[in-house]
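Source: prediction; values computed, not measured. Hydrogens, waters and symmetry mates play no part in the numbers below; they use all other heavy atoms, side chains included.
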Amino acid sequence: MKRQIKKITDQTLFSKIFVVMSISIISVTILTSWVTVQMSQKLFVQTFSITNSKIIEQIKSGLQSTHYSNVNIAINVAQSGAIKSFLTEANGNSLSNFKTTFSMNDQMKRIQSGIGAKNVGIVVVGVNGKSYASNRTYWSGPPGELLRNPITENTWNHNGQMLYSYMAGGIWNSAEPYVVASKELIMPETKKSYGTLFMMIRENEFRKNYASFTSKGNDVIILDQHGLIVSSNRQELLGTESPEILKNARDIQQLGLVSKEMKISDQEVIVLADYLPLYDFYIVNIIDKNTMLNHMLNRKAVIFISAGIIAVAVLVVYFITKRLTKSLRTLVKKMSNVTKKNFHNYMSVTGSYETKQLSKAFNYMLDELNAYVSQLVETQNEQRNAELAALQQQINPHFLYNTLASVNMLVQRGNKEMITETIHSLISLLQNTISNVKETISVEQELLNLKHYVFINQVRYGDQIKVDYFISPDCLSSQVPKLVLQPFIENAFFHAFNIKSAGYIYVVITKERDYLLCEVVDNGDGMELAGDQDTIPSPSSARQLFNGIGIRNVHERILLLYGEEFGVSISSTLGQGTKISIKLPG
């Protein structure tokens with residue numbers, strides 16, 4: 001998991017933005033399409049349910065017309081004296097029977113033609129055993145067989161009420177099932193039964209009441225109180241029982257629902273139902289959701305359009321993201337090259353506002369870096385030159401020549417003790433200046449070197465020039481650059497007493513606040529300084545007092561080591577002497 005997270009975090013900014021934008025586009029497109037489809041489906045189902053509710057009302061209206069037609073037949077049959085006589089009178093002579101039968105037939109034809117129920121097969125069976133069938137294609141069997149049918153018994157149990165029942169096809173009728181309206185014929189005066197009326201309607205004729213409202217996935221089922229399907233556009237269901245559909249039809253009717261969604265044979269369906277009180281049937285409209293929604297939506301078209309939108313959007317995002325991050329990627333590449341010591345790889349200030357600001361900041365950083373590097377190189381060169389000058393000063397051949405000349409003079413005089421002391425001073429001086437590689441030494445050590453140097457010079461030139469030391473004890477341990485005082489003593493010895501033949505040189509070292517002040521003061525000839533006091537004369541001015549390189553080298557070394565607030569300053573008065581002040585960190 002950590003490796004996967006690291007792999008993702010190591011991706012470029014372009015890759016991350018592109019991936020995030022692509023995922024967002026795909027998610028939004030899929031989610032929007034899904035929500036739109038769901039809302040459309042819901043609206044379609046609601047609209048379809050409302051429409052089918054109105055269709056059911058139309059079907060009910062058609063069925064009511066059929067029922068009223070049957071009621072008219074039943075009333076006319078019940079009020080017909082000829083029919084009653086035919087069903088109640090016993091067999092007489094041939095002429096009497098013929099007249100009765102003829103009258104009844106004529107009456108039945110009038111009734112049927114007057115009502116216009118030509119698609120209804122009328123059968124009457126009397127208590128006297130006589131029967132009549134308007135069309136033998138509807139019923140060809142004997143009356144007794146019809147009387148033994150459960151429909152007849154059920155009719156007799158309802159005391160003259162018209163009942164609707166399902167009759168399957170059989171040997172006494174056609175192979176097609178019937179919807180049979182039956183009614184017991186009762187004498188009004190005695191309330192006694194004298195016959196039974198059967199009005200047989202072929203199921204395919206009964207189905208015409210709603211056939212025009214059905215389609216694939218939009219079925220109509222009519223079933224009785226036992227769940228027996230008496231009519232439907234789905235022929236395979238006729239004569240079967242469906243307690244599940246009956247239960248849902250009752251729930252819808254009792255709860256006052258418009259529709260109900262359920263599953264039948266693993267198919268999601270919408271069920272609309274209503275009760276037919278005239279028939280004591282339930283009419284049920286079953287809508288297959290998938291079939292209906294497939295008609296509404298072309299799923300392949302939706303998928304192709306969504307995929308096309310995603311592809312176009314992703315391509316647009318790809319090119320826009322690549323363009324927006326181009327300047328940033330260029331900046332990153334330039335920065336990477338800087339790590340290869342290429343400090344002149346400047347950026348062109350282009351792209352977005354943020355990239356321009358980054359480019360400006362990057363170019364400014366390169367300017368500062370180049371300036372710093374140049375200054376650092378220059379400083380290192382100056383420091384190196386100063387170190388070389390100091391080394392040159394350490395091995396001043398003129399000093400060595402003078403010292404050796406003094407030793408030679410002492411040898412000629414035979415002053416062995418002085419020779420030994422002079423050589424000892426020279427060795428100690430060379431040891432502390434050349435052998436000691438440290439840049440700084442203590443004031444005490446510098447003072448010892450200075451005394452050796454003064455001793456050697458006094459041996460050579462005599463003691464007309466005396467040197468006194470005034471050192472504050474708390475300064476002895478302070479660190480000072482090596483040979484920081486020697487060049488000034490040397491200048492005082494050889495250049496401050498050209499007019500005057502004798503004098504004093506004072507070496508004063510004190511502490512003032514947080515810095516160390518070293519002063520070399522002489523009462524020699526003095527000089528006139530060009531410009532302001534406290535400035536070091538240039539060696540090129542050819543002033544004899546400062547024509548060596550040692551004094552300027554000391555000043556530059558102090559600046560390099562401690563900064564511009566420290567260094568050497570000079571003040572001098574012609575005829576009175578010169579004072580050298582050296583300011584160092586305490």
Could you tell me whether Y346 atom OH has more than 12 heavy atoms of other residues or ligands within 6.0 Å of it?
yes
Show the numbers, then the answer: is there a side-chain contact (heavy atoms from CB on, under 4.5 Å) between L559 and F566?
CA-CA 6 Å; L559 293 181; F566 303 99; 5.9 Å; no
Do L223 and V230 touch side chain to side chain, with heavy atoms closer than 4.5 Å?
no
Check K289 with E261, please: is the shortest side-chain N to carboxylate O separation under 4.0 Å?
yes
Please say whether the positively charged group of R202, taken as NZ for Lys or CZ for Arg, lies over the ring of Y138, i.e. under 6.0 angstrom from the six-membered ring centre and within 45 degrees of the axis.
yes
Any side-chain to backbone donor/acceptor pair from S40 onto T36? Under 3.5 Å, distance only.
yes
Under a 3.5 Å distance rule, please check whether T32 uses its side chain to pair with a backbone N or O of T29 as donor and acceptor.
no
Are P585 and Y562 packed together at the side-chain level, in the sense that at least one heavy-atom pair is separated by less than 4.5 angstrom?
yes
Judged by atom type as modelled, is there a donor-acceptor pair below 3.5 Å linking the side chain of T240 to the main-chain atoms of E236?
no
Classify the side-chain pair T196/W156 by whether it contains a donor and acceptor separated by less than 3.5 Å.
yes
For the backbone of I122 and the side chain of S134, can you confirm whether one donor and one acceptor N or O come within less than 3.5 Å of each other?
yes
Between V271 and V284, does the side-chain contact (heavy atoms from CB on, under 4.5 Å) criterion hold? Intermediate values first, please.
CA-CA 7 Å; V271 177; V284 180; 3.7 Å; yes
Give a yes or no answer on whether the side chain of S80 reaches the backbone of N76 with a donor-acceptor pair at less than 3.5 Å.
no
Test E184 against N159 for side chain to side chain donor-acceptor pair (under 3.5 Å), laying out the working first.
CA-CA 7 Å; E184 184 181 16; N159 195 26; over 6 Å; no
Start with the C-alpha gap between L63 and I222, add the side-chain angles, then the distance that decides, and say whether side-chain contact (heavy atoms from CB on, under 4.5 Å) holds.
CA-CA 11 Å; L63 292 174; I222 295 176; 4.2 Å; yes
Write down the atom of N233, the atom of D219, and the distance for their closest heavy-atom approach.
ND2-OD1, 3.0 Å
Tell me the closest heavy-atom pair linking L87 and K130, and the distance in Å.
CD2-O, 4.0 Å
Check whether any side-chain N or O of N218 sits under 3.5 Å from a backbone N or O of F213 as a donor-acceptor pair, and report yes or no.
yes
Take atom CD in E564; do more than 12 heavy atoms of anything else shown fall under 6.0 Å from it?
no
pair W139-F198: side-chain heavy atoms closer than 4.5 Å
no
Between N128 and E89, is there a donor-acceptor pair closer than 3.5 Å when you use the side chain of the first and the backbone of the second?
yes
Heavy-atom closest pair (S306 atom, S33 atom, distance to 0.1 Å) is OG-OG, 3.2 Å
Among N209, L278, V71, whose side chain to side chain contact (heavy atoms under 4.5 Å, CB included) with T66 holds?
N209
M187 and T88, any side-chain heavy atoms less than 4.5 Å apart
yes
Quick one: do F18 and Y318 satisfy ring pair (Phe, Tyr, Trp, His ring centres under 6.0 Å)? Show the steps, please.
CA-CA 6 Å; F18 178 69; Y318 174 79; 5.4 Å; yes
Scan side-chain atoms only and decide if D274 and N285 contain a donor-acceptor pair under the 3.5 Å cut-off.
no
Classify the angle between the aromatic ring planes of F102 and F98 as parallel (below 30°), tilted (30 to 60°) or perpendicular (above 60°).
parallel
So, for Q107 and A82, which heavy atoms are closest and what is the spacing to 0.1 Å?
CB-CB, 4.5 Å
More than 12 heavy atoms from other groups under 6.0 Å of CG on N157:
yes
Quick check on Q375: does its CD atom have over 12 non-hydrogen neighbours (other residues, nucleotides or ligands) under 6.0 Å away?
no
Is a donor from one side chain sitting under 3.5 angstrom from an acceptor on the other, for N290 and Q267?
no
Side chains of E244 and M262, heavy atoms from C-beta outward: is any pair under 4.5 Å?
yes
Pair K54 + E57, salt bridge at N-O below 4.0 Å
no
Taking L366's backbone N and O only, do any of them form a donor-acceptor pair with N370's side chain (distance below 3.5 Å, no angle check)?
yes
How about R323: does its CZ atom have over 12 heavy atoms from other parts shown lying under 6.0 Å from it?
no
Check: S231/E203 side-chain N/O donor and acceptor closer than 3.5 Å
yes
If every non-hydrogen atom of I201 is compared with every non-hydrogen atom of F206, which pair is closest and at what distance?
CG2-N, 3.9 Å
Applying side-chain contact (heavy atoms from CB on, under 4.5 Å), run through N149 and M167 and close with a yes or a no.
CA-CA 9 Å; N149 193 288; M167 179 182 286; 3.9 Å; yes
Donor-acceptor check, side chain of Y210 to backbone of I283, threshold 3.5 angstrom: yes or no?
no
If every non-hydrogen atom of G239 is compared with every non-hydrogen atom of L228, which pair is closest and at what distance?
O-CD1, 3.2 Å
Hydrogens and angles aside, do D224 and Y279 bring a side-chain donor and acceptor to less than 3.5 Å of each other?
no
